[in-house]
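Heads up, the thing below is written out as structure tokens.
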Amino acid sequence: VSDPAAFESRLEKCSEFRKQPVGHSRQGDFIKCVEQKKDTLGKQPMNRGFTKDKTLSSIFNIEMVKEKTAEEIKQIWQQYFAAKDTVYAVIPEEKFDLIWNRAQSCPTFLCALPRREGYEFFVGQWAGTELHFTALINIQTRGEAAASQLILYHYPELKEEKGIVLMTAEMDSTFLNVAEAQCIANQVQLFYATDRKETYGLVETFNFRPSEFKYMSVIAELEQSGLGAELRCAQNQDKT
């Protein structure tokens with residue numbers, strides 16, 4: 001951060017909202033809620049508009065693309081989704097392996113989404129190669145009935161041969177737009193694919209020592225990475 005003082009003061013703005021980020025819960029209640037409910041994610045039947053069993057072969061002909069290079073497949077994937085209102089990516093094998101290995105020991109984490117009034121927290125839960133997200137407030141109010149609001153699908157079928165993993169998403173557009181879903185997807189890379197021990201340390205703390213976890217630290221990472229500013233910029237452009 002170029003100016004730590006300015007960064008601190010930015011964090012202090014909307015501090016009332018941030019001290020009570022979800023349903024006016026204190027840190028202790030917040031942790032209790034996360035511990036009780038995080039295992040329910042990904043077990044819910046899909047809600048509005050989600051595809052059941054979204055396989056790679058339902059998107060394109062795997063045999064056909066096996067003849068192509070990784071670069072060509074990447075272009076096909078990007079062209080296919082460019083016109084669609086969704087999130088997608090082509091993840092290099094090494095990066096995916098790092099994320100995947102970490103997800104085995106730390107299947108749950110928390111990310112923050114900048115909103116007009118401070119931040120909204122989303123809980124992410126891995127279920128196989130799917131990564132399900134729902135707003136923390138949704139878990140608090142609906143408990144086990146909280147449905148996924150965003151699912152990231154990872155397809156490792158071409159990883160061995162081509163060295164890439166394809167990713168796309170489905171979201172409930174009544175809760176999230178594409179820029180917001182993209183911000184959440186970027187935080188998966190931020191927290192799981194990082195070289196910084198402190199950043200991934202937050203994920204480990206959340207999974208193994210939740211009573212020590214500070215939700216403000218997620219906001220600090222998000223702002224330091226520039227992802228928060230990026231989303232705000234997109235949100236402001238939407239208004240014009």
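What you are looking at is a predicted structure, and each value in this text was computed from that prediction instead of being measured. Just so you know, these numbers use all the heavy atoms, side chains as well, and skip hydrogens, waters and symmetry mates. Residue numbers start at 1 and run along the sequence shown.
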Q) Just how far is it from atom CZ of F96 to atom OG1 of T129, taken to the nearest 0.5 Å? A) 6.5 Å

Q. From I184 CD1 over to L227 CG, what is the distance, rounded to the nearest 0.5 angstrom?
A. 11.5 Å

Q: Taking all heavy atoms of A135 and all of E120, pick out the closest pair and write down the distance.
A: CB-OE2, 3.4 Å

Q | CG-OH distance between L152 and Y88, expressed to the nearest 0.5 angstrom | A | 14.5 Å

Q) What distance do C183 atom SG and L190 atom CG have between them, rounded to the nearest 0.5 Å? A) 9.5 Å

**Q.** salt bridge (Lys or Arg N to Asp or Glu O under 4.0 Å) contacts touching residues 185-210 (sequence neighbours left out)
**A.** R196-E198, R196-E221, R209-E212

**Q.** Residue pairs fulfilling salt bridge (Lys or Arg N to Asp or Glu O under 4.0 Å) with at least one residue in residues 68-96, sequence neighbours excluded
**A.** none

Q: With the side chain counted from C-beta on, respond yes when F213 and L110 share a heavy-atom pair under 4.5 Å apart, and no when they do not.
A: yes

Q | Side-chain touch L176/F122, heavy atoms, less than 4.5 angstrom | A | yes

Q. What are the two closest non-hydrogen atoms of A147 and T134, and how far apart are they?
A. O-OG1, 2.9 Å

Q. Considering only heavy atoms from C-beta outward, does the side chain of E223 approach that of Y119 to under 4.5 Å?
A. yes

Q: For the residue pair T199 and F191, establish whether any side-chain heavy-atom pair is separated by less than 4.5 Å.
A: yes

Q. Minimum heavy-atom separation for T86 to A169, with atom names?
A. OG1-O, 2.8 Å

Q: State the CZ-OH distance between F109 and Y200, to the nearest 0.5 angstrom.
A: 11.0 Å

Q. Under the side chain to side chain donor-acceptor pair (under 3.5 Å) test, which residues partner E157, sequence neighbours left out?
A. none

Q.
Less than 4.5 Å apart, side chain to side chain, heavy atoms only: is that true for W126 and C106?
A. no

Q. Under 4.5 Å between any side-chain heavy atoms of F121 and V123, yes or no?
A. no

Q | Minimum heavy-atom distance between I91 and M167, given as atom pair plus value | A | CD1-CB, 4.1 Å

Q. Which atoms form the tightest heavy-atom contact between L231 and P114, and what is the distance?
A. CD2-CD, 3.6 Å

Side-chain donor-acceptor pairs under 3.5 Å in residues 97-104, sequence neighbours left out?
from: D97; atom 1: OD1; to: K159; atom 2: NZ; distance (Å): 2.8
from: N101; atom 1: ND2; to: D97; atom 2: O; distance (Å): 3.1
from: R102; atom 1: NH1; to: Y192; atom 2: O; distance (Å): 2.9
from: R102; atom 1: NH1; to: T194; atom 2: O; distance (Å): 3.0
from: Q104; atom 1: NE2; to: W100; atom 2: O; distance (Å): 3.0

Q) What residues form a ring pair (Phe, Tyr, Trp, His ring centres under 6.0 Å) with Y155, not counting sequence neighbours? A) none

Q) What distance separates Q187 CD from L222 CG, expressed to the nearest 0.5 Å? A) 4.5 Å

Q. Minimum heavy-atom separation for A181 to M171, with atom names?
A. CB-SD, 3.5 Å

For residues 54-67, please give each side-chain donor-acceptor pair under 3.5 Å, one per line with the distance, not counting sequence neighbours.
from: T55; atom 1: OG1; to: S57; atom 2: OG; distance (Å): 3.4
from: T55; atom 1: OG1; to: S58; atom 2: N; distance (Å): 3.2
from: S58; atom 1: OG; to: T55; atom 2: N; distance (Å): 3.4
from: S58; atom 1: OG; to: T55; atom 2: O; distance (Å): 2.5
from: N61; atom 1: OD1; to: E63; atom 2: N; distance (Å): 3.0
from: N61; atom 1: OD1; to: M64; atom 2: N; distance (Å): 3.0

Q: Could you check if a side-chain atom of T168 sits within less than 4.5 angstrom of a side-chain atom of Y80, using non-hydrogen atoms only?
A: no

